[in-house]
There are 2 protein chains.
Amino acid sequence: MNAIDKPFSVTTGPLPGSVKTYEEAAPGVLVPHRRIDLSNGESLMAYDTSGPYSDLEARIDIAKGLAPIRQAWILARGDVEEVKPHPVPTPETSMPEFDRENRPVLKAKAGKAPTQLAYARAGIVTPEMVYVAARENEGRQALAQRFDGDPQGANLPDIVTPEFVRGEIAAGRAIIPANINHPEAEPMIIGRNFLVKINANIGNSIITSSVADEVEKLVWAIRWGGDTVMDLSTGKGIHQIREWILRNAPVPIGTVPIYQALEKVNGKAEDLTFEIFKDTLIEQAEQGVDYVTIHAGLRLKHVPLTAKRVTGIVSRGGAMLAKWCMTHHKENFLYERFDDICDILRAYDIGVSLGDGLRPGSLADANDEAQFAELETLGELAKKAWAKDVQVMIEGPGHVPMHKIKENMDLQLKLCHEAPFYTLGPLVTDIGAGHDHFASAIGAAMIGWMGTAMLCYVTPKEHLGLPDRADVKAGVMAYKIAAHAADIAKGHPGARLRDDAMSRARFSFRWKDQFRLALDSETAQAFHNETLPGEGAEVAHFCSMCGPKFCSMQMSHELKDLASQGLNDMAEKFKAQGGLLYHKV
Amino acid sequence: MNAIDKPFSVTTGPLPGSVKTYEEAAPGVLVPHRRIDLSNGESLMAYDTSGPYSDLEARIDIAKGLAPIRQAWILARGDVEEVKPHPVPTPETSMPEFDRENRPVLKAKAGKAPTQLAYARAGIVTPEMVYVAARENEGRQALAQRFDGDPQGANLPDIVTPEFVRGEIAAGRAIIPANINHPEAEPMIIGRNFLVKINANIGNSIITSSVADEVEKLVWAIRWGGDTVMDLSTGKGIHQIREWILRNAPVPIGTVPIYQALEKVNGKAEDLTFEIFKDTLIEQAEQGVDYVTIHAGLRLKHVPLTAKRVTGIVSRGGAMLAKWCMTHHKENFLYERFDDICDILRAYDIGVSLGDGLRPGSLADANDEAQFAELETLGELAKKAWAKDVQVMIEGPGHVPMHKIKENMDLQLKLCHEAPFYTLGPLVTDIGAGHDHFASAIGAAMIGWMGTAMLCYVTPKEHLGLPDRADVKAGVMAYKIAAHAADIAKGHPGARLRDDAMSRARFSFRWKDQFRLALDSETAQAFHNETLPGEGAEVAHFCSMCGPKFCSMQMSHELKDLASQGLNDMAEKFKAQGGLLYHKV
C-alpha cells in the first residue's frame with residue numbers, strides 16, 4: 001500500500017499524430033482540443049478529455065498537482081471565502097499525504113450560492129459556460145456540418161453558444177460539475193442536448209491497489225476518453241487517495257460519500273448517522289469533489305418492494321441504507337435531511353447525482369415496482385435540489401433487457417423533469433461475465449441515443465473483481481464507442497466527421513491516418529502490424545485480411561481507373577450513360 | 001504452410017461443469033445438448049454447437065474426420081446417387097490432402113430435388129427437422145417458461161415442433177443448410193422465428209495461416225458458440241483446406257465460391273466466366289459446402305449508383321463482379337445464369353445466401369440507393385430460388401448508424417418476402433478499429449431483436465488483418481452476447497432461464513456456478529481468480545471489486561437475516577406489515 005515503493009509517474013504525451021491545441025474562447029478561457037493531423041494535409045479536431053498529460057509543453061509533476069486554471073474565475077465572482085479546513089481523519093496507513101501547499105479551502109460566503117445553476121438562473125454566462133460551449137463545438141467555428149439523425153426529442157443546435165449552455169443549465173437539463181475547491185478541472189457539460197459523456201470508475205478496495213495505481217488509472221482513463229472519473233475507493237486511506245486524485249484530475253471527480261462514512265463506523269451500516277455523513281460530505285467538499293452520489297431516494301417504504309426480487313438490492317449504497325432503515329425502522333436519513341445536504345452542496349457547487357439504490361441487478365428485476373417507485377422519489381428530490389440552486393443528475397440502471405430500455409428513458413424524462421440521466425450500462429444479458437463491458441455497452445449505446453446524458457462505464461471485471469489499468473481502458477473504449485454511436489444516431493452536428501474522415505482514409509489506403517482516426521489508435525496499429533509489420537505494409541493497398549488480390553477497396557480503385565481510361569467502346573458507352581465511378585463530386 | 005510442421009490436435013473436452021447429453025428426439029435422431037450442472041443440485045440445458053469435440057466419450061481423429069451422422073437419413077430418402085467426383089485442382093502447395101477413404105460423392109437423381117425445402121413443401125417432416133426442433137427447445141420437454149419480450153412481429157411458439165419447423169421452411173422463412181455431401185453436420189435452423197444464430201468466419205489468406213490453424217479455428221469457434229462457420233480462404237490450397245474443414249465440421253460450412261474461381265483466373269476478375277464459376281461450384285458442392293454466398297444481385301445498372309459513395313464497393317465478391325460487369329459492359333453472369341446456378345444448388349441441397357455486393361462500407365454510404373436497389377433484386381432472386389426448391393437467405397450490411405438499422409430490417413422483410421436475413425454487424429461507427437467486434441455487435445444485437453435470423457461475426461482484427469484464434473473467440477463472444485440479448489428481447493421461450501440461474505447464483509455467492517453459467521466460463525473464472533485466487537475465494541461472500549465490507553449482495557443477505565430474526569420491535573412491526581425480505585416465494 002505504500003506508494004513510495006513505486007516511482008510516481010503517469011502516462012504522458014500525445015496520442016499518435018495528435019497535437020494539443022488551445023482555443024481562446026474568451027480572454028483567459030483557453031479550451032483544449034485534440035488536432036489529428038492526416039497525411040493528406042487535412043486535419044480534424046476532436047474533443048479532448050486528456051488534460052495537460054497529453055500536452056508536450058506541459059510540465060507534469062504528480063507531487064505538485066495541476067495548475068488551478070479556474071481559480072481566478074472563482075475568486076473574481078466574489079461570492080466565496082477562504083475557510084479553515086475541517087479536521088481530516090488521520091490515515092491508518094503509511095500512505096503518503098499530498099502536500100496542498102498554498103491551496104486555500106473555499107466556501108460560499110454566508111447567503112451566497114456560487115453554483116453554475118444559480119448563475120445561469122441569474123442570467124450570468126460564466127467562463128465555465130463559455131468553456132464548455134467551445135468544447136462541445138470541437139473547434140468548429142463555421143456552421144457545423146449536419147448529418148441525418150433521429151434526436152428522439154433532443155434539441156441539438158448547429159453551434160453551441162454560451163447562452164445556449166446557460167439556458168440548458170437554468171432549465172435543469174444540464175450540469176457543469178465544478179466544485180470551487182477543484183480549480184484544476186477543465187469544465188465539461190452533461191446534458192441530453194450535448195455530446196454523450198462517459199464516466200470511468202476507479203478506486204481501491206481493501207484488497208488491492210495503491211495511490212500510484214489509482215492516479216495512473218485516472219490519467220489512463222481520461223487519455224482514452226473518460227469525461228469524468230468516480231473515485232469509488234472503499235479501502236484504507238480513502239481521504240489520502242482522493243486528495244492525490246483531485247489535485248491531479250483535469251476532469252470532474254465524483255464520489256459516493258457514504259462509502260467513506262461507512263469506514264468511519266467500521267463497516268456497520270446500522271451505526272451510520274447524519275452527523276457522520278455530514279462530516280464526510282464537508283471533508284470531501286473541501287477537497288474538491290465535483291459531484292456526489294446520494295442515495296436519498298431509497299425510502300423505508302420501498303424496501304419491502306424488493307422482497308421478491310431475484311437479486312435484491314445490488315447498489316452498495318442502497319444496501320447500506322436499506323439495512324439502516326430496516327434496523328432502526330426509520331426513514332432514510334438522507335431523504336429526511338436532504339435540504340440540509342443541499343445546503344452543503346450549494347456552498348461548494350457540488351452536483352448531486354441522485355443514486356438509484358434500488359436499480360435492478362438482474363434482467364428478472366428490471367423495471368419493477370421498487371425501481372420505479374424510487375425513480376419517482378428521485379424526481380421529487382431533483383426539485384428540492386433545484387430549489388436550493390444545486391445542480392442535479394439522476395442515476396439509472398443496471399440490468400435491463402433491450403425491449404425494456406425505452407421505458408426507463410421515457411419515465412426518467414417524465415418523472416425527473418428532464419434532469420440529466422446517468423446510467424450504468426444497462427447490461428442487456430446477465431451471462432456475459434468477463435465481457436460485461438460489452439454486454440452493458442449495447443444497452444448504453446441504445447439509451448444514450450434515447451437521451452441519457454452520461455454513461456457510466458462497466459469494465460470486463462464487473463461482477464468478478466477490481467479493474468486494473470487494462471480493464472479501465474477496455475471499459476473506456478467500449479463506452480466511447482457506445483457514446484459516439486449515440487451521438488451519431490442523434491444527429492449531433494459534426495459527430496460523423498471523424499467517421500467520414502476514417503472512411504476516406506480507408507478507401508485511400510492511408511493506413512497511418514486510419515490509426516490516428518481510430519478511437520484506439522494504438523490497438524488499431526498494433527493489430528495491423530501483427531500480420532503485416534513495417535513501413536511497407538503501412539502504405540500497402542491491402543491488409544492481411546484479404547491479401548493483395550482480394551482487396552475490394554483496391555478493386556474499386558481499379559474500376560475507377562478502368563472507367564476513366566475508357567479502354568473500349570463498352571466502357572465509353574457506360575461513361576456516356578452515367579459518368580465515372582468514384583470521381584470527385 | 002505445411003501442416004506437418006505442427007501436430008494435428010484441436011481443443012477437446014467439455015466446458016467447465018458441463019456434460020454432453022443426447023436426447024433421442026426420434027429413433028436414430030440423437031440431439032446434443034450441453035447440461036450445466038450447478039452446485040445446488042440444479043442443472044440447466046443449453047444449446048450446444050460444439051459437436052463431438054466437447055464429448056468426453058467421443059474419439060476425435062482429425063485425419064479421419066467426424067462420423068457421418070446424417071448419411072443414413074440421406075440415403076434412406078432414395079433420391080440421391082453416388083457420382084464420379086468432378087476433377088479437382090492439383091494443389092500448388094505442399095499442403096497435405098485429407099484422405100476421404102470410402103466417403104461417396106452424392107448428387108440428386110435426375111429430376112429429384114433432395115432439399116429440405118422440397119421435402120417441407122411436400123409435407124415431409126425429415127429427421128433434420130425433428131433434430132432442429134428438439135435442439136431449439138434446448139432439452140425442455142414440458143411447457144416452456146415464457147418471459148416478457150417484444151417479438152417485433154416474430155411468431156415464437158412455446159415449444160418448437162417438427163411440424164412448425166416444416167411449415168417455416170416451406171414458407172421460405174427458415175432454412176436448414178445441409179448439403180447431402182456433408183453428413184457430418186449436426187442440423188441447425190436459421191429463421192426469424194427461431195433462436196438467433198451466429199456465424200464465424202475463418203480461412204487463410206495468401207499472407208498467413210495453415211490447415212492446422214484453420215481446423216483449430218473451426219473447433220474453437222464452435223466451442224464458444226459459433227452456429228455456422230464460413231471458410232473464406234483466399235490463399236493457396238483452398239480446396240484442400242476446405243476438405244479438412246468439412247470433414248471435421250459438425251456445423252454447416254458456408255463459402256463464397258467466387259473467391260476460389262478468382263484464384264483459377266489468377267486474380268483477374270475480368271477473366272471470370274460462368275463455366276469457371278460453375279466448375280468451382282460443383283467442386284465445392286461435392287465436398288459438402290452447406291451454403292454459398294452468391295453475388296447475383298449486383299447488376300450492371302447498380303454499379304453507377306456507387307459512384308458518389310465514400311467507400312465504393314467494399315464486398316470482395318461485389319467488387320470482382322462490378323469489375324467484370326464494367327470491363328465487359330455486360331450484365332452480371334451470376335444474375336443471368338441464376339436459374340442454372342439454382343439447378344446445381346438443388347442437386348446437393350446447398351442453401352444460397354444472396355450476397356449484398358453493394359453493402360455500405362461506411363456510415364456515409366448506409367441505406368443508399370445502391371444498397372436498396374440491390375436488396376430489391378435479391379428479393380426477385382429469392383423467388384427464383386424458391387421456384388427451384390432451393391433454400392435461401394439474404395445477406396445484409398455492414399456499416400449502419402443506429403437510427404438507420406430498422407429501415408434495413410423493415411425493407412428486407414418486405415422486399416425479400418421474409419427470407420431469413422443474415423447480416424454482417426452492422427457497425428454503428430466507423431472509428432472503432434481494434435474493437436470492431438464490439439462496434440458491430442451493438443448493431444447486431446439491435447437488428448437481431450428486430451428479426452435478423454443469423455449474425456455474421458466481426459473480429460477485433462476487422463479492417464486490420466486476418467483474425468487469429470484469440471480474435472475468433474473475441475468475435476464469437478461479442479456475437480453470442482448480441483444474439484442472446486436479441487433472443488431475450490424477442491421473448492424467446494426459455495431464453496432468460498440461464499440469466500435467471502446466473503442471477504440466483506450471484507445472489508447466493510455460488511462463484512463456481514457463476515463461472516459455469518457465464519457464456520465465457522474460462523474468462524470469468526480467470527478474472528475472478530486474478531485478484532482473489534484459490535478455493536477460499538471462490539466460496540467467499542464477496543469479490544475484490546467491493547471487498548467484504550462493501551458487498552451489496554452480502555448486505556442484502558444480512559438484511560434478510562435481520563428481518564427473519566425479528567431482533568427488535570421495529571423489525572417485528574415491519575414483518576407484520578409486509579413480511580420477510582428475500583424469502584422464498
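Lettering follows sequence order; numbering is per chain, from 1.
Across A:G149, A:A444, A:S362, the residue that shares the most heavy-atom pairs under 4.5 angstrom with chain B is A:G149. Ranked by heavy-atom pairs under 4.5 Å with chain B, the first of A:G361, A:P460, A:G317, A:G318 is A:P460. Chain A forms more heavy-atom pairs under 4.5 Å with one residue of B:D468, B:L363, B:D365, B:D500 than with any other, namely B:L363. Interface remark: of the candidates B:L427, B:T523, B:V310, B:V310 forms the most heavy-atom pairs closer than 4.5 Å to chain A. Top candidate by heavy-atom pairs under 4.5 Å with chain A, chosen from B:G491, B:A489, B:G434, is B:A489. Annotation: maximal heavy-atom pairing with chain B below 4.5 Å, among A:A439, A:P401, A:A445, A:A482, occurs at A:A445.
Only the side chain of B:R506 has a heavy atom closer than 4.5 Å to any heavy atom of chain A. Contact annotation for B:D436: only side-chain heavy atoms (C-beta onward) come within less than 4.5 Å of a heavy atom of chain A. Both the backbone and the side chain of A:R504 come within contact range of chain B, judged by heavy atoms closer than 4.5 Å. Residue contact with chain A, scored on non-hydrogen atoms closer than 4.5 Å, involves the side chain of B:K404 exclusively.
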Stepwise side chain to side chain donor-acceptor pair (under 3.5 Å) check, B:H399 with A:D499:
CA-CA 11 Å; B:H399 291 238; A:D499 295 73; over 6 Å; no

Between B:D430 and A:R498, does a salt bridge (Lys or Arg N to Asp or Glu O under 4.0 Å) hold up when you go through it step by step?
CA-CA 8 Å; B:D430 299 332; A:R498 189 162 162 189; over 6 Å; no

Kindly determine whether A:L464 and B:F515 satisfy side-chain contact (heavy atoms from CB on, under 4.5 Å), including the steps that lead there.
CA-CA 10 Å; A:L464 298 168; B:F515 306 148; 4.2 Å; yes

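To the nearest 0.5 angstrom, B:Q514 atom CD is 13.0 Å from A:I431 atom CD1. Once rounded to the nearest 0.5 Å, the distance linking OG of B:S503 with CZ of A:R309 reads 11.5 Å. Distance CG/B:D487 to CE/A:M402: 9.0 Å, rounded to 0.5 Å. Once rounded to the nearest 0.5 Å, the distance linking CH2 of B:W511 with NE2 of A:H463 reads 9.0 Å.
Side-chain contact between B:M446 and A:W449: present, with at least one pair of heavy atoms (C-beta onward) separated by less than 4.5 Å. Side chains of B:L519 and A:H435 form no contact here, defined as non-hydrogen atoms less than 4.5 Å apart. Counting only heavy atoms from C-beta outward, the side chains of B:K461 and A:E530 approach each other to under 4.5 Å.
When every heavy atom of A:G432 is checked against every heavy atom of B:I481, the shortest pair comes out as CA-CD1, 4.1 Å. Smallest separation of non-hydrogen atoms from B:H484 and A:T429: CD2-OG1, 3.2 Å. The shortest non-hydrogen separation linking B:A518 to A:A433 is CB-CB, 4.0 Å. Across A:I442 and B:A441, no two heavy atoms sit closer than the pair CD1-O, 4.4 Å. Contact detail for A:A485 and B:V428: the closest heavy-atom pair is CB-CG2, 3.5 Å. Nearest approach of A:H403 to B:I488, heavy atoms of both residues: CE1-O, 3.9 Å.
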